[in-house]
Amino acid sequence: MATEIIPLDVNTLDVNDLEAWQPLASDAHLMPRLNGHHPAWLRAIGSGLSHKPFVIRHKDPQGRCDGILPLMYVKSMLFGRFLSSLPYINTGGVWCHAPAVANELIDHACLLADQLDVRYLELRHEGPFSHPQLNAERTDKVHMRLPLPDTDESFETLMKSKLRSQVKKSTQNGLTVEFGQSELLNDFYRVFAINMRDLGTPVFPKRLFAEILAAFQQDAELCIVRHGREPVAGGLLVHVAGLTEVPSASALRKFNHLNPNMLMYRNLLRRAIERRSHTFDFGRSSKESGTFKFKAQWGAEPSPAQWQYYLRKGSVDDMSASSPRRQKLIEIWKRLPMPIANTLGPFVVRGIP
């Protein structure tokens, strides 16, 4: 058996080479195959955020892959260095055939963390792996996922009357819905950037979304809700292996009274069913938060998000949005003019794992 650390070049990474990325067992130990294990994510995130991607791969005695761990090296002058699987999205982590293989993969990830002298290694797991060097964890958030029926008509019957009424109201407010790809990127990014500033969060660069659309091709698309010609809500959809997820979605607050978010998510769910996905992933939420309740009303159920760390310097909480330092920065960011927020945001956010 052999375990190797493979540095990748985003310019030559073949996102269609799934053979090299897929452990033999269909019942991979603890960690199911999710979108985070698709090589397109390493190419998109690496290129879109200017990070260095790595893959740690384990092979059985016959030379076949039976374990894999994708990683991204995050480096900035503001926050330092990190190793994460994977930034931007909520999944990644160890994917393997057996616990012994998991230990090998984590051993090598910790070794790489030492070599790169990072503050910490972050593994975005869904269940815990027992390893002596994993010395911290976060379990304060959960994934919100919804099993999908075979038809949109079946989903309609599952919707509660209050939810159905809210969606119907949104259709009576002169809103329209459009799906597309790069031709909708400017409209999507305008909504996304305004919403991020209003939340006090630095905005990701537009290039990240362009790279996601390019890497996933027909398996990634944008949804835009318009009031007249003005974009008022937008979401990014990625469809992989029967799972549809929404890594980013936003709506403009001044149009909340028109319920554009309700109309958008109804159409996102319809689109996932049309793509024959079995699961819709709404993303992570803090338990009982407003976003948690929004997702739960659609029928989404919580599943664990157990992020594990090899902490080398400082505290995991230093980078948390709930830390006192980050809270002060959030309040300052909310007051920035949009041109300044859009200029500084990509530079700041790329250093946050």
Side-chain angles (χ1 to χ4, degrees), residues 1-8 21 23 25 27-37 41-42 45 51-59 65-75 79-143 283-284 286-287 302-323 326 351-353:
M1 294 187 293
T3 304
E4 54 185 343
I5 299 173
I6 308 170
L8 300 174
W21 294 72
D27 56 344
H29 176 68
L30 287 180
M31 187 68 184
R33 179 168 189 249
L34 297 172
N35 290 4
H37 293 118
W41 277 122
L42 281 182
I45 297 171
H51 295 331
K52 175 66 178 176
F54 290 85
V55 161
I56 301 178
R57 185 169 60 193
H58 186 278
K59 292 184 177 180
C65 175
D66 63 356
I68 200 159
L69 173 57
L71 293 165
M72 198 67 69
Y73 178 39
V74 179
K75 180 174 64 172
F79 305 110
R81 296 184 292 271
F82 306 88
L83 198 59
S84 178
S85 179
L86 282 171
Y88 177 65
I89 57 175
N90 296 314
T91 60
V94 170
W95 186 35
C96 65
H97 176 65
V101 175
N103 282 333
E104 285 278 332
L105 294 172
I106 297 172
D107 281 346
H108 281 71
C110 292
L111 175 63
L112 181 60
D114 289 337
Q115 291 173 346
L116 296 174
D117 192 26
V118 298
R119 291 176 61 179
Y120 58 68
L121 163 70
E122 179 177 78
L123 301 178
R124 301 187 173 186
H125 291 146
E126 311 219 346
F129 285 86
S130 179
H131 190 280
Q133 286 179 276
L134 297 181
N135 52 11
E137 66 176 15
R138 284 186 60 189
T139 58
D140 54 307
K141 294 181 182 289
V142 292
H143 297 287
R284 286 194 317 148
S286 298
K287 299 169 187 176
S303 61
Q306 190 141 5
W307 292 14
Q308 295 181 277
Y309 297 84
Y310 168 41
L311 181 62
R312 300 181 68 250
K313 304 174 185 178
S315 167
V316 171
D317 294 333
D318 292 343
M319 299 304 295
S320 171
S322 60
S323 70
R326 287 285 298 278
I352 302 175

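Excluded from the calculations below are hydrogen atoms, water molecules and symmetry mates; all remaining heavy atoms, backbone and side chain alike, are included. Everything numeric here is computed off the predicted structure, so don't read it as measured data. Along the sequence shown, residues carry numbers from 1.
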Nearest-0.5 Å distance that lies between atom NE2 in His37 and atom OG in Ser85 | 6.0 Å

Return the minimal non-hydrogen interatomic distance between Glu122 and Ser84, and the atom names on each side.
-> OE1-OG, 3.2 Å

Residue pair Leu134 / Phe129: nearest heavy atoms and the distance that separates them | CD1-O, 3.8 Å

Distance in Å, Phe54 CZ paired with Leu112 CG, rounded so as to fall on 0.5 Å steps | 5.0 Å

Sort out for me which residue in Tyr73, Tyr309, Tyr120 forms a ring pair (Phe, Tyr, Trp, His ring centres under 6.0 Å) with Phe82.
-> Tyr120

Side-chain heavy-atom pair Leu69, Leu123 within 4.5 angstrom cut-off = yes

What donor-acceptor contacts under 3.5 angstrom involve side-chain atoms of residues 100-111, with partners at least two apart or in another chain?
from	atom 1	to	atom 2	distance (Å)
Glu104	OE1	Thr3	OG1	3.2
Asp107	OD1	His131	NE2	2.6
His108	ND1	Glu104	O	3.0

Evaluate the side-chain proximity of Lys287 to Asp140: yes if any heavy-atom separation is below 4.5 Å, no if none is.
-> no

Nearest-0.5 Å distance, NE2 of residue His51 to CD1 of residue Ile45 = 8.0 Å

Over all heavy atoms of both residues, which pair between Glu126 and Thr91 is shortest? Give the atoms and the distance, please.
-> OE2-CG2, 3.5 Å

Shortest non-hydrogen separation from His125 to Gly93 and the atoms involved = CD2-CA, 3.6 Å

Flag yes if more than 12 heavy atoms outside Lys52 fall under 6.0 Å of its NZ atom; otherwise flag no.
-> yes

Please name the pair of heavy atoms, one in Ala136 and one in Val316, separated by the smallest distance, quoted to 0.1 Å.
-> CB-CG2, 4.1 Å

Who pairs with Lys313 by salt bridge (charged side-chain N to carboxylate O under 4.0 Å, His left out), at least two apart in sequence or on another chain?
-> Asp117

Taking all non-hydrogen atoms of both residues, which atom of Pro70 and which atom of Leu42 are closest, and how far apart?
-> CB-CD1, 4.0 Å

Ile68 side, atom CD1; Cys96 side, atom SG - distance, nearest 0.5 Å | 11.0 Å

May I ask you to decide if Leu116's main-chain N or O and Arg81's side chain share a donor-acceptor pair within less than 3.5 Å?
-> yes

Go through Val74 and Val118 one step at a time and tell me if the side-chain contact (heavy atoms from CB on, under 4.5 Å) criterion holds.
-> CA-CA 9 Å; Val74 179; Val118 298; over 6 Å; no

Cys65 side, atom SG; Lys59 side, atom NZ - distance, nearest 0.5 Å = 8.0 Å

Would you please name every residue forming a side chain to side chain donor-acceptor pair (under 3.5 Å) with Asn135, sequence neighbours left out?
-> none

Gap separating the OG1 atom of Thr139 from the CD atom of Gln308, nearest 0.5 angstrom | 10.5 Å

Close side-chain approach of Arg124 and Leu86, heavy atoms under 4.5 Å = no

